[in-house]
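What follows is one structure encoded as structure tokens, with my remarks underneath.
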Amino acid sequence: MKAISLFVLFCSLLTSLSAYSNDAASGEAAFLKYVDGLKKEAEAKGFERRWLDEMFEDITFRPTVVKADKNQPEKKITLDTYLATRVPDWKVAQAVTLLNDNKTLLDEISREYGVQPRFIVALWGNESNFGKIQGNHDVLSALSSLAFEGRRETLFKKQFFAALKILSEGHISRSEFAGSWAGAMGQSQFMPTSFLTYAVDYDKDGRKDIWQSKADVFASIANYLKQEGWNNNVTWGRQVTLHQGYQGQDAGLDVFRDLSWWQGKGVRKYDGSALPQVPVKASLIKPDGLDGRIYLVYTNFHTLMKWNRSQYFGVSVGYLSDRIKKGQ
């Protein structure tokens, strides 16, 4: 009986393995057919067929990027936890050092684009840890896999064709074209469409190199902020406290009022003193509700929301920039 049971188990395993193999083969065939459709669309958009054959040669299905897209972190964290992770003391120290090491270049770019150097460095640090973490996923494979999965096909197809345009313009070689699982690229972590809109060849070598050229990275970050409405004459916001029984009912980025209006509501500086008497508009945000940090944020924070719609991210950039300014 024991021998029969083992034989049955063995047959069951063989059947399961065969089914898995057939499913995998079927999925791979479907992906290859989908990619062939992308190639035909690309050719219809004007890309040369022989060049496309070369670009598509190494595209493979990447189940890991699909899994990453479907399994975004669900664990609830607080802003304090997020800031401790994104803006640790060692990152602040590195940011201050790198700002000083690149001061001449950063000051030059700051004058041209009207963006304070500390914000350029803060975004650089938040996005790629100052260029150290750029991602090692093949961009075309990642984007085609995400488009094939179908949940956000329109988005990722648009990014895929933008990625092809980047390659066709010669900004990076096919073999070096790597990024995050979602297709974000380089030290600024631009998606391909953002690259085409904002990337800058600041060092004038004929390539917009956000992977290796710090000049291009810094200028591209500054150009993004400038084009999206950055104001070099103000900062990003300040942490505040609520008084006079005010509970922050007017919180939200859609409410934009003068500081005097917020003063009348009972909003004060973090130390409890009056808000500055200057003609500046601000929004009140409470990322963690009344029990967490509360901020008045200015137009530049609204610009950071165009870069990344997470208030946690925007605050982390502003917080890092403030600590860079203090030098600690």
Side-chain angles (χ1 to χ4, degrees), residues 75-97 99-100 110 114-123 125-126 225 228-328:
K75 181 181 178 181
K76 177 64 178 177
I77 62 172
T78 66
L79 179 56
D80 283 338
T81 303
Y82 184 86
L83 290 177
T85 302
R86 297 298 292 257
V87 194
D89 290 345
W90 64 261
K91 180 173 283 188
V92 176
Q94 283 191 19
V96 172
T97 297
L99 179 100
N100 292 327
S110 176
V115 177
Q116 304 94 314
R118 62 190 175 104
F119 286 99
I120 297 173
V121 173
L123 276 164
N126 266 279
L225 295 177
E228 293 299 336
W230 193 264
N231 183 350
N232 197 35
N233 297 316
V234 297
T235 185
W236 68 281
R238 65 167 68 242
Q239 192 173 356
V240 296
T241 52
L242 305 181
H243 300 267
Q244 302 172 187
Y246 183 58
Q247 300 292 298
Q249 297 92 326
D250 306 286
L253 293 174
D254 56 331
V255 179
F256 206 48
R257 298 285 187 269
D258 290 330
L259 290 182
S260 58
W261 189 87
W262 291 112
Q263 173 76 21
K265 286 286 187 179
V267 181
R268 300 291 183 268
K269 289 182 180 179
Y270 187 66
D271 63 6
S273 61
L275 296 174
Q277 295 183 13
V278 292
V280 172
K281 292 183 181 295
S283 300
L284 185 76
I285 62 169
K286 303 182 294 182
D288 290 336
L290 287 173
D291 295 330
R293 300 180 184 223
I294 302 172
Y295 294 88
L296 279 178
V297 294
Y298 311 134
T299 56
N300 287 340
F301 188 84
H302 286 253
T303 297
L304 290 174
M305 289 295 93
K306 297 175 184 178
W307 183 292
N308 185 313
R309 289 178 291 180
S310 165
Q311 290 188 7
Y312 278 19
F313 178 88
V315 170
S316 73
V317 172
Y319 179 58
L320 178 53
S321 75
D322 286 347
R323 293 193 63 183
I324 293 171
K325 185 178 182 180
K326 294 176 182 177
Q328 59 184 21

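Values below: every heavy atom of this structure, side chains too, minus hydrogens, waters and symmetry copies. We're numbering straight along the sequence, starting at 1.
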Please lay out, stage by stage, how Ser283 and Leu253 fare under the test side-chain contact (heavy atoms from CB on, under 4.5 Å). CA-CA 5 Å; Ser283 300; Leu253 293 174; 4.2 Å; yes
Would you say [X] and [Y] make side-chain contact, with heavy atoms under 4.5 Å?
| X | Y | result |
| --- | --- | --- |
| Ile285 | Val315 | yes |
| Pro276 | Leu259 | yes |
| Phe313 | Leu123 | yes |
| Ile77 | Tyr312 | yes |
| Val255 | Leu284 | no |
| Trp230 | Gln116 | yes |
| Val115 | Ser110 | no |
| Leu320 | Asn126 | yes |

Would Asp89 and Arg323 count as a side-chain contact (heavy atoms from CB on, under 4.5 Å) if you check the C-alpha gap in whole Å, the side-chain angles of each, and the deciding distance to 0.1 Å? CA-CA 9 Å; Asp89 290 345; Arg323 293 193 63 183; 2.9 Å; yes
May I have the step-by-step check of salt bridge (charged side-chain N to carboxylate O under 4.0 Å, His left out) for Asp80 and Arg293, ending in yes or no? CA-CA 8 Å; Asp80 283 338; Arg293 300 180 184 223; 2.6 Å; yes
More than 12 heavy atoms of other residues, nucleotides or ligands under 6.0 Å from CG of Asp291: is that the case?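 Open.
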Above 12 or not: heavy atoms from other molecules or residues under 6.0 Å from CD of Gln277?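 For Gln277, atom CD is not crowded (no more than 12 foreign heavy atoms under 6.0 Å).
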Lys265: which residues meet the salt bridge (Lys or Arg N to Asp or Glu O under 4.0 Å) condition with it, sequence neighbours left out?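 Applying salt bridge (Lys or Arg N to Asp or Glu O under 4.0 Å) to Lys265 gives Asp250.
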Partner set under salt bridge (Lys or Arg N to Asp or Glu O under 4.0 Å) for Arg86, not counting sequence neighbours: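 Applying salt bridge (Lys or Arg N to Asp or Glu O under 4.0 Å) to Arg86 gives none.
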Working to the nearest 0.5 angstrom, can you tell me the gap between Thr303 OG1 and Glu228 CD?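 Rounded to the nearest 0.5 Å, the OG1-CD separation comes to 7.0 Å.
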Rounded to the nearest 0.5 Å, what separates atom CD1 in Ile120 from atom CG in Leu99?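 Interatomic distance, Ile120 CD1 to Leu99 CG, rounded to 0.5 Å: 9.0 Å.
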Where Asn231 and Asn300 come nearest, the two heavy atoms and their spacing: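 Closest approach of Asn231 to Asn300, heavy atoms only: N-OD1, 2.8 Å.
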Which pair of non-hydrogen atoms, one from Leu79 and one from Pro287, has the smallest distance, and what is that distance?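 Heavy atoms of Leu79 and Pro287 come nearest at CD2-CG, 4.2 Å.
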Exam field: side chain [X] to backbone [Y], donor-acceptor pair closer than 3.5 Å:
| X | Y | value |
| --- | --- | --- |
| Thr97 | Ala93 | yes |
| Lys286 | Ala251 | no |
| Asn308 | Leu304 | no |
| Arg118 | Ser321 | yes |
| Lys91 | Gly125 | yes |
| Ser316 | Val87 | no |

Output every pair passing ring pair (Phe, Tyr, Trp, His ring centres under 6.0 Å) with a member in residues 234-267, not counting sequence neighbours, ordered by first then second residue.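 Those involving residues 234-267 are Trp236-Tyr295, Phe256-His302.
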Regarding Asp322 and Arg238, does a basic nitrogen lie under 4.0 Å from an acidic carboxylate oxygen?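 Not counted as a salt bridge, because no side-chain N and carboxylate O are separated by less than 4.0 Å.
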Under a plain distance cut-off of 3.5 Å, with no hydrogens placed, do Asp258 and Ser260 share a side-chain donor-acceptor pair?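 Not at all, the side chains of Ser260 and Asp258 share no donor-acceptor pair under 3.5 Å.
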Run through Thr235, Ile324, Asn232 and flag the one making a side-chain contact (heavy atoms from CB on, under 4.5 Å) with Phe119.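 Going through Thr235, Ile324, Asn232 one by one, the side-chain contact (heavy atoms from CB on, under 4.5 Å) with Phe119 is satisfied by Thr235 alone.
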